[in-house]
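Below you'll find the structure, written out as structure tokens, and then a few comments.
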Amino acid sequence: MSAVLAAGTYRCRDVAMSVGAAVDAGVTWVDTAANYAAGTAEEALRPVLEACPQVRVSTKVGFLPALDRQAARDAGVLPHDGHVDHCIAGPFVAWQLARSRSRLARIPELVFVHNPERGMTERAGLSRALTGAFEVLEAAADAGHIGGYGVATWSGLASGMFTVPEIVQVAEAVGGSRHHFRAVQLPVSLMRLAVVADALGGRGASAEAREAGLDVFASAPLGGGELPGVMTDELVRVIAPGTTPAQAALLVALSTPGVSRVLLSASTPEHWADALGATACEPLHPDRLRKVIDVLGT
């Protein structure tokens with residue numbers, strides 16, 4: 001199986017426990033964000049990362065957790081006064097990145113610009129905002145403060161607010177042909193079958209990322225934890241007979257062409273053992289994936 005599981009930390013009740021279970025199971029990549037666990041996820045990860053130097057980590061900049069709001073105001077990095085919960089302006093990105101490195105006590109392998117489409121109403125404004133954020137991230141990569149950067153989106157690619165080639169074009173305008181733009185992150189699951197269908201057809205975000213030499217991180221492969229509980233025995237048999245509901249759902253994301261890593265937030269050793277069982281299976285043949293799409297629709 002070409003795609004591998006990585007530990008996500010979104011909605012983890014106990015980040016250290018969940019990631020510890022993942023690392024014990026052999027997972028070697030952890031994905032987090034400045035705002036996860038109400039802004040405490042990076043700090044909670046620090047002892048795990050210190051004990052496990054082989055584990056790589058990606059984080060995100062953009063969302064401002066409530067506990068950091070006053071510090072951001074005091075630092076003068078917010079573009080205007082008032083209630084702000086998301087910002088990708090250059091000064092804020094630089095400030096948040098420095099805090100993330102301090103909290104993780106690690107140079108992140110990747111830093112994603114988190115949901116850049118948030119609050120944007122037109123593409124030109126988004127392009128300008130991404131340019132400012134990428135300028136900071138390119139400088140950080142040149143200085144050795146991060147390994148590279150990317151964009152993590154929930155709806156930006158699906159809605160057509162931007163495309164992978166357009167993001168790469170911004171990176172090339174900022175960093176030239178040797179830019180440090182490395183990855184995109186987007187939802188891939190039974191609840192997002194249009195992404196899978198596009199990938200099978202050699203089009204869409206996954207195919208475009210692969211053509212550009214980018215890694216694709218699939219988020220929410222279990223639909224925020226909802227899928228295993230609603231999958232029928234018949235659907236599991238259509239996907240992969242003999243697997244558990246969670247394994248069948250994960251196989252869809254793991255088998256989607258172009259996907260490099262599938263982010264899973266699992267809390268116990270038992271959950272991780274079950275999930276890793278999916279990686280021991282053969283990837284679903286494209287014809288099997290098409291059958292799943294035909295059964296469920298896009």
Side-chain angles (χ1 to χ4, degrees), residues 1-8 10-12 18 21-22 25-27 29 31 152-155 157-160 164 184-211 215-298:
M1 176 117 11
S2 56
V4 298
L5 285 178
Y10 181 55
R11 291 184 176 175
C12 281
S18 298
V27 171
W29 191 292
D31 180 76
T153 177
W154 184 254
S155 62
L157 290 166
S159 68
V164 171
V184 294
Q185 185 179 137
L186 71 159
V188 181
S189 73
L190 285 166
M191 299 173 71
R192 296 283 187 125
L193 280 176
V195 177
V196 182
D198 283 346
L200 288 170
R203 60 185 183 275
S206 180
E208 291 167 348
R210 180 168 54 181
E211 185 176 347
D215 284 330
V216 176
F217 286 64
S219 60
L222 299 183
E226 296 179 12
L227 278 172
V230 300
M231 292 178 66
T232 64
D233 292 342
E234 180 182 2
L235 178 57
V236 172
R237 286 194 296 270
V238 169
I239 298 171
T243 61
T244 67
Q247 289 171 348
L250 286 171
L251 272 170
V252 171
L254 286 164
S255 304
T256 298
V259 168
S260 312
R261 299 181 187 277
V262 175
L263 301 175
L264 178 66
S265 298
S267 57
T268 68
E270 292 76 20
H271 288 156
W272 275 108
D274 183 44
L276 288 168
T279 65
C281 299
E282 287 293 320
L284 300 178
H285 190 276
D287 288 343
R288 180 60 63 96
L289 280 174
R290 291 187 183 98
K291 182 177 181 180
V292 174
I293 293 168
D294 289 342
V295 169
L296 293 180
T298 57

> Which residues satisfy the side chain to side chain contact (heavy atoms under 4.5 Å, CB included) test with Thr268, sequence neighbours excluded?
Replying inline: Glu270, His271
> Got a sec, which residues hit side chain to side chain contact (heavy atoms under 4.5 Å, CB included) with Ala25, two or more places apart in sequence or on another chain?
Replying inline: Trp272, Leu276
Please find the pair of heavy atoms, one from [X] and one from [Y], that lie closest to each other, and give the distance.
X      : Y      : answer
Asp31  : Gln185 : OD1-NE2, 3.5 Å
Leu251 : Ala240 : CD1-CB, 3.7 Å
Gly258 : Arg210 : N-NH1, 3.7 Å
Ala7   : Ala22  : CB-CB, 3.8 Å
Ala246 : Asp274 : CB-OD2, 3.5 Å
Ile239 : Ala248 : CG2-O, 3.4 Å

>> So, using salt bridge (Lys or Arg N to Asp or Glu O under 4.0 Å) as the criterion, who are the partners of Arg203 when residues are at least two apart?
In response: Asp198
> With sequence neighbours excluded, what pairs up with Arg237 under the salt bridge (Lys or Arg N to Asp or Glu O under 4.0 Å) test?
Replying inline: none
Could I get the full list of side chain to side chain donor-acceptor pair (under 3.5 Å) partners for [X], not counting sequence neighbours?
X      : result
Asp287 : Arg290
Thr243 : none
Ser206 : none

>> Checking Trp29 now: which residues fulfil ring-ring contact (aromatic ring centres under 6.0 Å, His included) with it, not counting sequence neighbours?
In response: Phe217
>> My understanding is that only one of Val216, Leu5, Thr256 makes a side-chain contact (heavy atoms from CB on, under 4.5 Å) with Val262; could you say which?
In response: Leu5
> Taking Thr279 for the side chain and Val4 for the main chain, is one N or O donor matched with an acceptor at less than 3.5 Å?
Replying inline: no
Can you give me every donor-acceptor pair (side chain of residues 218-236, partner residue at least two apart or in another chain, under 3.5 Å) with its distance?
residue	atom	partner	partner atom	Å
Ser219	OG	Leu186	O	3.3
Thr232	OG1	Leu235	N	3.1

> Would you call Leu254 and Val259 a side-chain contact if the rule is heavy atoms closer than 4.5 Å?
Replying inline: no
> Do Val196 and Val292 touch side chain to side chain, with heavy atoms closer than 4.5 Å?
Replying inline: no
If you look only at distance, which donor and acceptor atoms sit under 3.5 Å apart when one is on a side chain in residues 188-195 and the other is two or more places apart or in another chain?
residue	atom	partner	partner atom	Å
Ser189	OG	Met191	N	3.0
Ser189	OG	Arg192	N	3.4
Arg192	NH1	Trp154	O	3.4

> In Å, rounded to the nearest 0.5 Å, how long is the span from CD of Glu282 to OG of Ser255?
Replying inline: 9.5 Å
